[in-house]
A.B. asks: 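Have a look at the structure that comes next, please.
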Amino acid sequence: MAIMQSFQRIYAILLKEFLQLSRDRITFGMVVMIPLIQLLLFGYAINTDVRHLPVALVDYSNSSISRNMVAVIEASQIAKITRRETTIQQAEAALNNGLVKAIVVIPKDVEKRLQDGMVASQVIIDGSDTMTSSLIARIGSIPRQIIQGYSNVAGNKLFEVSFFYNPEKRTAVNIIPALAGIILTMTLIMFTAIALVREREHGNMELLITTPVLSIEIMIGKIIPYIIAGLVQVTIILTLGYFIFDVPINGSVVQIFFATLLFIAASLTLGLIISTAAVTQMQAMQMTVFVLLPSILLSGFMFPFEGMPKPFQWLAEVLPATHYMRLMRGIVLRGSEVAYMLKDAISLLLFSILGMLLAAYRFKKTLD
Amino acid sequence: MNDLAIKAKGVTHKFGDFTAVDQVDLSIPKQKIYGFLGPNGSGKSTMMRMLTGLLSITAGSIEVLGMQLPKDAEALRLRIGYMTQKFSLYDDLTIYENLNFMAKIYNIPKNNIHKRIQSQLNTYALDRCYKQLAGSLSGGQRQRLALAAATLHQPELLFLDEPTSAVDPENRRNFWETLFDLCDQGTTILVSTHYMDEAERCHALAILEAGKKRADGSPKQLMTDMSAHTIEIDGSNLREISKKLGLLPDVLSVAQQGAYLRVLVSNKIKNVEQWLQQQQPELLRGRNINVVRPSLEDVFVYSTKEGRQ
Ligand SMILES: Nc1ncnc2c1ncn2[C@@H]1O[C@H](COP(=O)(O)OP(=O)(O)O)[C@@H](O)[C@H]1O
Ligand SMILES: [Mg+2]
């Protein structure tokens with residue numbers, strides 16, 4: 001009976017929230033427009049035409065096998081041999097001057113290396129160009145079995161990839177799943193925080209407090225519409241990513257939504273905590289930015305996580321965005337599952353539970 | 001038998017170092033309209049918020065409908081209704097949606113909600129505009145909507161914080177008629193105001209000023225008990241008399257009302273007409289000086305005199 005009453009009250013708040021959301025054109029528009037615009041901005045900024053990247057070839061072997069290997073690279077459409085150099089030094093100069101994005105070096109003894117199962121050849125990539133480097137790096141995943149006559153020979157890589165200048169490879173493919181984390185952080189934390197602070201600022205809370213509704217009911221009722229908003233956003237981001245930026249969706253959609261729900265829960269509780277601290281909507285916004293910046297800078301979205309000093313890594317571990325990015329990159333790009341990344345999933349869950357408790361504790365049903 | 005709706009003893013609320021309500025005792029009878037009369041900032045809202053369990057009590061004790069605050073605050077919520085000073089329903093919901101929301105919050109059984117809302121819409125003359133957004137309503141409509149929401153769950157005790165401040169006189173009259181209807185049906189009403197005429201309609205009231213209770217009782221009793229003389233002086237050149245009399249320590253207040261000067265004089269003075277003549281013989285010669293019945297405003301001015309000095 002008490003539970004039914006509680007449900008009725010939560011339902012009342014939820015319904016009200018939807019009505020308000022549907023009439024608040026700006027917020028409603030933001031739910032859709034933020035992922036749309038941000039994705040197009042970031043995506044296009046990163047995603048220039050990335051096929052047939054110019055590559056220099058240094059072929060010391062000049063054999064049928066080396067020609068076969070070159071054909072394989074060109075057939076992948078990733079790269080195109082635009083220069084043939086006789087020495088590595090010449091090729092490096094071309095790389096240095098930005099004439100090519102990578103160098104393919106095929107050694108004299110490539111045939112023997114293939115037979116012995118050794119690394120057959122080397123690809124040196126200009127890592128300073130973050131847009132292209134990780135694309136070329138895909139050459140590294142071409143299996144040696146593709147070379148005629150060696151389909152049965154197991155062994156080391158056909159092409160060993162190494163990076164010049166910037167060891168961290170990233171592309172739109174890498175960015176877009178992570179961008180989902182940033183967009184959700186930005187919109188969800190802000191929307192929840194503001195939705196509650198607005199209620200207090202407009203004096204609605206003064207009335208609500210004198211009714212039988214419990215603070216936890218207010219919070220749950222407030223959160224659910226934004227959970228849905230978050231799922232809509234992720235759908236927009238990944239759909240655009242897939243169709244416009246060729247982000248391969250390797251993992252299952254169920255897994256993506258599962259990870260996203262975990263992250264949404266964490267973001268929303270963060271929004272609730274902010275709402276208990278902020279007095280005005282402006283303050284809520286500022287506090288959101290306060291969370292957003294480290295989420296952008298430390299989560300591995302901007303800079304490689306592994307390259308950060310330890311204290312920053314610890315800080316990053318506290319941010320929900322860090323865990324979500326790992327989950328998303330794992331699921332979307334590597335086809336992994338939440339179950340294989342339990343550490344991140346549990347971190348998000350723990351964050352949500354502790355956050356909810358803190359918010360409910362701080363959200364006193366009094367005005368002072 | 002407990003015929004008091006509210007018993008408060010030594011109730012104090014501090015915002016930091018600032019004492020907004022200071023040692024107030026209250027005894028508010030059931031099924032009556034009780035008023036808080038006081039200027040802005042006198043602590044009416046703060047007092048009301050403590051009585052509704054919205055604000056903590058710094059010191060003192062409060063018993064509402066036989067329940068202790070803040071211990072029983074949650075249990076009390078179904079039995080009280082509260083109309084905030086600032087409109088606190090949702091501007092972006094319609095009248096009907098707002099009431100529907102509140103009905104659910106109060107767990108009114110699903111089957112009764114529509115009927116109950118209809119009856120409220122009728123009672124508060126909102127049935128023609130129930131589809132209108134609350135944000136687009138006139139002051140009077142908003143006030144009626146707020147009252148309809150506050151009484152939706154038929155509370156025994158109703159708190160109204162300056163309910164008529166944004167309402168024209170006609171609507172105010174009707175509003176008070178509604179209050180008496182509610183009172184007649186058994187509801188206890190606590191209403192705050194800074195209008196004298198409204199305070200005078202209450203069965204009983206407390207005069208608040210600077211967080212302190214300066215006087216309480218029925219309007220009539222307050223007027224009879226006032227320990228000061230009320231005098232009216234007529235004639236011309238009233239501004240000058242006003243200035244001169246205002247300087248006398250035993251003159252508590254001087255205010256012009258049209259063709260008259262209304263003077264409050266301490267009742268330490270006997271024979272007050274004669275005494276006044278003696279103070280300003282030239283100025284007052286030949287004028288009518290009459291002792292009149294005090295009004296509630298006189299009581300108010302008299303009892304808040306202390307704070308203003
Ligand atoms: N949240 C608050 N923090 C600090 N001071 C407050 C707060 N609310 C009210 N006050 C102060 O307490 C006094 C009483 O305010 P209030 O109860 O609103 O008066 P009234 O309702 O009679 O106009 C005022 O001086 C006001 O400035
Ligand atoms: Mg007030």
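From a predicted model like this one, the values you see are computed outputs, not experimental measurements. Within every chain, numbering begins at 1; the chains are lettered A, B, ... in the order of the sequence lines, protein sequences first and strands thereafter. Just so you know, these numbers use all the heavy atoms, side chains as well, and skip hydrogens, waters and symmetry mates.
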A.B. asks: Sort by residue number and list every member of residues 80-109 of chain B having a non-hydrogen atom under 4.5 Å from chain A.
C.D. replies: B/Tyr82, B/Thr84, B/Lys86, B/Phe87, B/Ser88, B/Leu89, B/Tyr90, B/Asp92, B/Leu93, B/Thr94, B/Glu97, B/Phe101, B/Met102, B/Lys104, B/Ile105, B/Tyr106, B/Asn107, B/Ile108
A.B. asks: Determine the option with the most heavy-atom pairs under 4.5 angstrom with chain B, choosing from A/Glu199, A/His202, A/Arg23.
C.D. replies: A/Arg23
A.B. asks: Under 4.5 Å from any heavy atom of chain B, what part of A/Glu217 do you find: side chain, backbone, both or neither?
C.D. replies: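 Neither the backbone nor the side chain of A/Glu217 comes within 4.5 Å of chain B.
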A.B. asks: Identify the residues of residues 8-19 of chain A whose heavy atoms come closer than 4.5 Å to a heavy atom of chain B, ordered by number, or report 'none'.
C.D. replies: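 Residues A/Gln8, A/Arg9, A/Tyr11, A/Ala12, A/Ile13, A/Leu15, A/Lys16, A/Leu19 are the ones that qualify, each having a heavy atom under 4.5 Å from chain B.
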A.B. asks: Take a 6.0 Å sphere around OH of B/Tyr195 and say whether it holds more than 12 heavy atoms from other residues, nucleotides or ligands.
C.D. replies: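 Yes, OH of B/Tyr195 has more than 12 neighbouring heavy atoms, counting only those of other groups under 6.0 Å.
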A.B. asks: Take atom CD1 of A/Ile3 as the centre, draw a 6.0 Å sphere, and report whether it contains more than 12 heavy atoms from other residues, nucleotides or ligands.
C.D. replies: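 No, not enclosed.
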A.B. asks: Flag yes if more than 12 heavy atoms outside B/Phe180 fall under 6.0 Å of its CZ atom; otherwise flag no.
C.D. replies: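 Correct, the count exceeds 12.
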A.B. asks: Kindly give the heavy-atom pair with the smallest separation between A/Thr211 and B/Arg77, and that separation in Å.
C.D. replies: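 Smallest heavy-atom distance, with atoms named: O-CD, 2.8 Å.
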A.B. asks: Go through the structure and list residues passing side chain to side chain donor-acceptor pair (under 3.5 Å) with B/Thr19, not counting sequence neighbours.
C.D. replies: none
A.B. asks: Can you list the residues of residues 132-151 of chain B that sit under 4.5 Å from chain A, counting heavy atoms only?
C.D. replies: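 The residues closer than 4.5 Å to chain A, in numerical order, are B/Leu133.
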A.B. asks: For A/Phe257, does the CZ atom sit with more than 12 other heavy atoms under 6.0 Å from it, leaving out its own atoms?
C.D. replies: yes
